[in-house]
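Each chain gets a letter, A, B and so on, in the order the sequences are listed, and its residues count up from 1.
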Amino acid sequence: MRDGQAGASRPGSTAVDRDGDGDGAAGAVPSMVAAYRHDVHKLRGRTHADAAAEFRGVPVNENVPLHADADAALLSRPRGKPEQTVPAHDSPRRLPLLDGELDCVAGEVEDVGDAVYDLVRIGDAEALHAAWVDADVPALFSESRYYPFTSAKYHTLLVAALLDNYRAGHDFADLFLAVSEHGPGSDPKVVPHRTVVTTPSFAVHVTAEPERPAARIGDVPTRCFADVWARLPTVPFDVDGKRCWRVLDAQLRRVRSWSTALQYVEAFMAALADDAPGCGPPVAGWSV
Amino acid sequence: MTRIQQVLFAVEQPYMGHPYYVSGNALYSAIARHVDKATRRRLQVSHGVFVPGEYGSPTDGAISLRGGQKLGQMLPDVEAYEDLFVHRDSAQRWLSESRPRDAVNTHPLQRHGNRVAFAAETLFGRPEEMRSERRRVPWLVQCYVHADDDAVLPVAEHLLDGIRVGGARNFGLGELSVVDSQLVDLAALDYSTLEAADAFELELVTPFVLESEFPDADAQSVPWWWAPDERDATGGVRRRAERFVDGADVYELGTVDHGQVVPYSGSKPVATAKNGVFRVGTHSRFGFGELRVRPAGAGRVPEREGRAGGDS
């Protein structure tokens, strides 16, 4: 199930509109803003075909230029005809990989419609990015009912990261997965549009211009998160010091879907903040 | 010495040990209690890789698997060198696309006291409304054993059955039972994909030990046939500390972390491939230094190849 991107141009393959006026439509919404609003139908439990053009007066569900949406989809879902992978769960709601994680997220959201409106009505692209990185409501939804462990939140952030890189003239093959740590109390290094997840201690970025430890993603978009993560020259947490970081690292080496993996980072960090499971000093025999 | 014995264990009880894999040392220590002295002295054990007991195909989803086999609960036939590694990459690329493959391949975490353990099975249908649809996917561990005297092999399955690994073993955690076992002769395998290539990469399937506190263990540099300096300037090779437990003693190890990929500058890729299975460097007897040779650029993600483009 591609999202209506058939016929979109491959970045770099043809002359494309790189200054952000959208993909030929006469819409007035700059394309970076459109990237954050392109999947609002998923947060409202609607199919792409049933997507409305506006949500409470905000233009939504527009096509994202430069093939960024289709490429981001390939990072998290199989190509080709989708299959229902969890037949008992035919719902737009995301299924959790960590028990109880969705209860925490849902507890932060009083009214889904209001929360979605607060998120997408923002008109400034960088402010939209900052809001999405912190947002709870899109994490309640998967990016496809066929693949309920994917995340609409991280799909959207990946679309924006790809689009921002493509608009700067880069091809997919130029992109890196980059990581950065921030000390306690210091601000996270958030790069507008290119930071795809932030936590209290580290951030993960998709960028063609890494200033920090990074691993090349590959020539074409595919579900390769585990592969790229395992090749990172350094991980952004102290795996030598605490077992919980080794647990997270081990899990991230297993997950191939990008949006699933990024959502797992968020969920794991939230669980850690709650009660730091297994993060005490190493216990004798812990490495056996 | 050209033979290995692959062993597939079912995880019977939650596991609270090393999160990346069951270390070869943990498996060796558990097995050593059950075997005779000659076997104990000669046996070498790989790290054990966690495998979900799910449907799948070794050709990475290329074949429709409806009504297929639970590849995670069996040892696939090994005819070519690549077949050795079907279960040894934690991303488990063979997992079927018609199931929620990432959910199946992520360890469910359980709290035991103040420590996190990996559950012995993954339950699907956790939300309340799905209780009647619960589906259980068991976890398994794949490892292989070998010896400098092939007469030691095969180790009888009943000697491997019921071993316990990881923390809280005395409370029953980490119990493994044998599901499948087979002998593989590395000399009889097909290495044609390596013979057909002219440039190669090395993937560290398990960490390579550079430094060890273990008595009389020398510090090692990486083998001359690695060419890590040729990597692009995005950070070099990732290092990680490991610990080697010998009875009550714990020794620090400095390693190049598993998962790293380096160019190969040697001229005998097939010989290196065979050596890589038997492992190289300090502590190789206990699982460290397992290498896989790949044709350069072939990558670990097969879908990257053959993409026509524009048909998405």
### Message
I'd like to know if the side chain of Q92(B) reaches the main chain of R254(A), judged simply by a donor and an acceptor atom lying under 3.5 Å from each other, with no hydrogens or angles considered.
### Response
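No, the answer is negative, given that no donor and acceptor are paired below the 3.5 Å cut-off.
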
### Query
Please walk me through it: do D249(A) and R238(B) pass salt bridge (Lys or Arg N to Asp or Glu O under 4.0 Å)?
CA-CA 13 Å; D249(A) 186 20; R238(B) 186 173 69 232; 5.4 Å; no

Which atoms form the tightest heavy-atom contact between [X] and [Y], and what is the distance?
X       : Y       : value
E97(B)  : P78(A)  : OE1-CG, 3.6 Å
R256(A) : D102(B) : N-OD1, 2.8 Å
A250(A) : P19(B)  : CB-O, 3.4 Å

### Task
Inspect the surroundings of CD in E211(A) and state if more than 12 heavy atoms from other residues, nucleotides or ligands are less than 6.0 Å away.
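Count not over threshold, so no.
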
Under 4.5 Å heavy-atom distance to chain A, tell me which part of [X] shows up: side chain, backbone, both or neither.
X       : result
H112(B) : neither
F50(B)  : both
N105(B) : both

Atom pair [atom1] ([X]) and [atom2] ([Y]), whose distance is rounded to the nearest 0.5 Å:
X       : Y       : atom1 : atom2 : result
R223(A) : R93(B)  : CZ    : CZ    : 10.5 Å
L232(A) : Q260(B) : CG    : CD    : 8.0 Å
T106(B) : L97(A)  : OG1   : CG    : 5.0 Å

### Query
Which of these, R253(A), R231(A), R246(A), sits in a salt bridge (Lys or Arg N to Asp or Glu O under 4.0 Å) with D257(B)?
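Only one option passes, and that is R253(A).
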
### Query
Less than 4.5 Å apart, any side-chain heavy atom of V235(A) and any of R240(B)?
no

### Any V116(B) side-chain heavy atom under 4.5 Å of R243(A) side chain
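Side-chain contact under 4.5 Å: yes.
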
### Query
Relative to chain B, which segment of T260(A) carries a heavy atom at a distance below 4.5 Å: side chain, backbone, both, or neither?
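For T260(A), the contact with chain B is made by the side chain alone.
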
### Part of Y264(A) within contact of chain B (heavy atom distance under 4.5 Å)
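For Y264(A), the contact with chain B is made by the side chain alone.
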
### Task
Count the heavy-atom pairs under 4.5 Å between each of P100(B), S29(B), G174(B) and chain A, then report the option with the highest count.
P100(B)

